[in-house]
Amino acid sequence: MREALRRAIEALGFPAVEVVLQQPRDPGHGDLATNVALKLGAQLKRPARDVAEQIAAQVQLAPGIVEKVEVAGPGFINFWLAAEALTDVLPRILEAGEKWGRSTRGAGKLVNVEFVSANPTGPLHVGHGRGAALGDAIASLLEATGYEVTREFYVNDAGVQVDRLARSLWARVQQAVGREAEIPEGGYHGNYLVDLARELIAAEGRGFAELPEEEGVRRCREIAVRRQREEQDRDLADFGVRFDVIYWESQLYGSGLVDDVLRRLGERGLTYERDGALWLRTSEFGDAKDRVLRKSDGSYTYFVPDIAYHVAKAERGFERAIDVWGADHHGYVPRMAAALAALGFPPDFFQAVIVQLVRVMRHGEEVRFSKRSGEFVTLRDLYEETGVDAARYFFLMRRADSQFVFDIDLATKQSEENPVYYVQYAHTRMAGIFRTGGIDPRKIGADGADLTLLSEPEEQELIKTLGQFPEVVSKAAETLEPHRIVTYLEEVARLVNGWYHRHRVLGAGADLERARLVLARAAQIVLANGLRLIGVSAPERM
RNA sequence: GCGCCCGUAGCUCAGCUGGAUAGAGCAUCGGCCUUCUAAGCCGAGGGUCGGAGGUUCGAAUCCUCCCGGGCGCGCCA
């Protein structure tokens with residue numbers, strides 16, 4: 001099609017332009033349309049309609065594909081496809097089954113998708129949940145487009161925050177045996193540490209509190225970190241998110257990579273000393289200013305291990321590193337990109353996806369959360385109340401960079417007001433047809449079915465839309481935007497529900513029923529595949 | 001003050017590498033259950049696409065400025 005247009009343009013002696021074909025939103029404008037004549041008209045300074053007429057007359061299309069060509073509006077060329085060409089996609093969907101929508105664009109390249117990466121200092125909150133849903137869906141999208149994906153969680157177990165956690169727990173241990181102790185400055189006040197301290201005393205005996213402070217804090221650190229990590233993993237697993245690799249910051253120090261990175265930057269002449277500190281010339285690579293690597297007291301800033309961590313990703317064989325970061329970290333993107341550019345990494349190696357904060361509304365008012373005060377909505381609280389499907393769907397139905405309001409009341413409604421069920425219900429209805437008909441959906445084939453009988457407008461629209469799924473998946477993967485899948489699924493569900501309501505499948509007459517079963521099966525496959533990509537179940541019954 | 005993101009229907013948001021009358025869900029109003037699940041369908045009302053300029057045959061989409069909201073701007077993590 002595209003090729004035929006290109007040839008026609010060439011034959012007419014017009015300059016070469018990119019031929020863009022799109023599906024017009026108005027069915028009155030055909031099945032496919034192109035605006036090449038408008039582009040050419042502008043370039044040639046000739047009326048676009050004349051150019052369009054010439055192209056339309058010149059273009060030679062394989063018979064049986066296009067039924068009608070028309071020039072319309074300011075110079076669009078509209079095409080109407082023949083019935084066979086349109087329904088041609090249905091057997092392909094049935095044959096591909098679970099694989100429908102997949103592609104091999106990624107060509108087996110290794111990609112690392114790092115997300116959540118919460119400090120091991122407390123339970124995961126709703127913000128982590130949005131990151132988890134997003135990262136997992138991005139990973140799934142990349143897998144669907146042929147990448148080899150590793151889902152990774154990075155643990156800052158060597159920093160100040162963990163130290164504060166350890167000292168906070170130690171203080172709780174002292175309190176548990178009746179001593180006066182205060183949570184240190186910047187420490188963690190959450191009740192989970194009170195519980196953990198009590199547990200510790202129960203398990204280890206009161207003697208635990210008598211340990212020298214240094215050793216007590218050290219053991220508290222180990223115990224608290226292990227405990228928090230276990231709890232986070234449980235929260236994530238029950239949310240349907242699993243990681244292939246948990247990468248510890250402390251691993252980096254053992255590997256010597258941290259010092260190595262500093263050395264490599266120095267060799268390239270990209271560092272300098274000033275005011276007793278060591279600086280990296282990130283401003284030469286697009287950052288707003290240079291950054292400190294080693295403070296004047298001799299210790300490293302967190303920036304150094306972070307750079308080393310990303311270098312390690314490359315050394316582990318990954319060709320792309322995608323990080324899902326909260327909005328509060330967006331300022332570090334140019335800095336990290338600059339550091340990696342300084343080390344000679346290609347610009348497309350590192351990509352950060354910024355996820356905006358989530359506000360949670362309940363009963364019409366905002367639920368505030370803060371780790372300091374120990375009062376917040378945890379991720380587990382949220383999905384235990386709304387269900388995993390609803391929570392994941394809500395997190396993904398909006399663009400990552402939109403600040404959005406999670407309405408718990410809406411998500412928990414078991415009624416038509418809840419958008420989660422809309423897509424699932426469309427899938428359920430298709431399943432219901434097969435169940436009622438006593439048909440095994442996996443055995444439905446298109447062989448021998450006369451698909452040209454699917455001539456109702458609702459059927460034509462639905463078929464066209466089902467055919468777009470692979471493109472939608474590719475685009476979503478390319479842009480790292482899972483919400484495109486949700487938007488698409490809602491469109492499919494709307495068309496499915498409208499079709500289902502207006503036309504019967506079972507009992508429509510032998511030939512028509514046969515054809516409609518193929519369409520119902522194709523719709524079910526697309527809905528199921530799309531839901532799987534975003535980590536939401538596709539139920540048989542509701 | 002500087003940087004990034006956002007500003008589209010009453011509410012929550014799609015649409016943004018420019019294209020034909022700006023979409024969905026919720027909310028409001030009116031219809032539809034003897035037939036594959038009404039968690040549904042059909043219809044109606046509702047918009048200066050934050051504002052002002054500019055580029056273009058054509059701007060929600062690109063550019064500039066302004067207004068409003070969020071986040072970030074440390075030898076903190």
Side-chain angles (χ1 to χ4, degrees), chain A residues 18 20 22 24-26 28-29 33-35 38-39 41-42 45 47-49 72-76 78 119 121 156 159-164 186 274-279 287-289 291-303 306 326-335 354 356-357 359 361 394 397-407 410 413-426 428-437 439 479 483-484 486-488 490-491 493-494 496-508 513 516-517 520 541-542:
Chain A
E18 196 197 351
V20 177
Q22 54 178 219
R25 77 180 85 214
D26 182 346
H29 294 137
T34 181
N35 63 351
L38 289 152
K39 290 239 156 76
K45 299 202 193 313
R49 277 202 72 109
F76 289 97
N78 299 333
N119 282 333
T121 51
N156 285 107
V160 175
Q161 294 305 326
V162 167
D163 204 57
R164 288 177 181 160
R274 196 181 74 201
D275 306 330
L278 184 70
W279 298 68
D287 195 9
K289 52 173 286 194
R291 307 292 173 178
V292 171
L293 295 169
R294 193 180 59 225
K295 295 179 259 182
S296 54
D297 67 4
S299 66
Y300 294 151
T301 59
Y302 72 98
F303 188 30
D306 277 0
D328 53 340
H329 287 85
H330 81 265
Y332 307 107
V333 177
R335 176 178 322 190
I354 297 304
Q356 288 290 332
L357 304 183
R359 294 196 300 149
M361 300 286 286
F394 269 63
M397 67 184 179
R398 306 304 181 200
R399 290 171 45 178
D401 59 9
S402 73
Q403 308 157 18
F404 104 109
V405 177
F406 195 120
D407 184 341
L410 182 60
K413 267 188 186 159
Q414 298 272 328
S415 77
E416 78 267 358
E417 293 161 52
N418 193 334
V420 185
Y421 300 121
Y422 192 78
V423 176
Q424 290 185 317
Y425 189 57
T428 297
R429 281 179 144 177
M430 297 303 99
I433 293 172
F434 306 134
R435 190 167 54 241
T436 305
I439 298 157
T479 56
H483 80 274
R484 289 171 182 272
V486 177
T487 305
Y488 170 78
E490 285 179 359
E491 189 187 345
R494 195 171 57 252
V496 163
N497 282 328
W499 171 65
Y500 175 93
H501 186 264
R502 188 158 285 168
H503 307 291
R504 278 195 65 85
V505 175
L506 300 176
E513 176 180 309
R516 284 184 175 164
L517 279 170
R541 299 172 180 272
M542 289 171 72

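Each chain gets a letter, A, B and so on, in the order its sequence line appears, and its residues count up from 1.
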- Which residues share a ring pair (Phe, Tyr, Trp, His ring centres under 6.0 Å) with A:F76, sequence neighbours left out: none
- Query: What pairs with A:H329 under ring pair (Phe, Tyr, Trp, His ring centres under 6.0 Å), at least two apart in sequence or on another chain?
  - Reply: A:Y332
Closest approach to the side chain of [X], judged atom by atom: which nucleotide of [options] is it?
X: A:H330; options: B:A77, B:C75, B:G70; answer: B:G70
X: A:K295; options: B:C76, B:G74, B:C71; answer: B:C76
X: A:R494; options: B:C76, B:G25, B:G72; answer: B:G25
X: A:V292; options: B:A24, B:C71, B:C75; answer: B:C75
X: A:L38; options: B:A77, B:C5, B:G19; answer: B:G19
X: A:R502; options: B:A77, B:C42, B:G40; answer: B:C42

[X] [atom1] - [N] [atom2] separation (whole Å):
X: A:Y300; N: B:G74; atom1: OH; atom2: P; value: 23 Å
X: A:Y421; N: B:C26; atom1: OH; atom2: P; value: 14 Å
X: A:N497; N: B:G25; atom1: CG; atom2: C1'; value: 13 Å
X: A:E490; N: B:G25; atom1: CD; atom2: P; value: 8 Å
X: A:Y500; N: B:U35; atom1: OH; atom2: P; value: 11 Å
X: A:D287; N: B:C73; atom1: CG; atom2: P; value: 12 Å

- Check whether any side-chain nitrogen or oxygen of A:K39 sits under 4.0 Å from OP1 or OP2 of B:U17, and answer yes or no. no
- N or O in side chain of A:Y332 less than 4.0 angstrom from B:C73 OP1/OP2: yes
- Message: Checking one value: the base orientation of B:C33, syn if chi is within 90 degrees of 0, otherwise anti.
- Response: syn
- Task: Keeping the roles fixed (side chain from A:D297, backbone from A:S299), state whether a donor-acceptor pair exists under 3.5 Å.
- Result: yes
Quick one: label [X] by what it contacts on the DNA or RNA (base, sugar-phosphate, nothing), any heavy atom closer than 4.0 Å.
X: A:V505; answer: base
X: A:S299; answer: nothing
X: A:R541; answer: base
X: A:A33; answer: base
X: A:D328; answer: sugar-phosphate

Short N/O separations, protein against nucleotides 32-34 of chain B, under 3.5 angstrom:
none

- Query: What one-letter contact string describes nucleotides 9-14 of chain B from 5' to 3', where B marks a base within less than 4.0 Å of any protein heavy atom, S marks contact via sugar-phosphate atoms alone, and - marks no contact?
  - Reply: ---BSS
- Task: Determine the interatomic distance between C1' on B:C29 and the same-named atom on B:U35; round to the nearest Å.
- Result: 29 Å
- Task: Would you indicate whether A:R274, at its atom CZ, is surrounded by more than 12 heavy atoms from other residues, nucleotides or ligands within a distance under 6.0 Å?
- Result: yes
- Task: Could you tell me which residues satisfy salt bridge (charged side-chain N to carboxylate O under 4.0 Å, His left out) with A:R516, sequence neighbours excluded, listed by chain and number?
- Result: A:E459
- Note on the structure: Stems field, RNA chain B, Watson-Crick or wobble, 3.5 Å, at least 3 pairs, by first number, holds B:1-7 with B:67-73, B:10-13 with B:23-26, B:28-32 with B:40-44, B:50-54 with B:62-66
- Compare the ring of A:Y422 with the six-membered ring in the base of B:G25 and state whether they stack (centres under 5.5 Å, planes under 30°). no
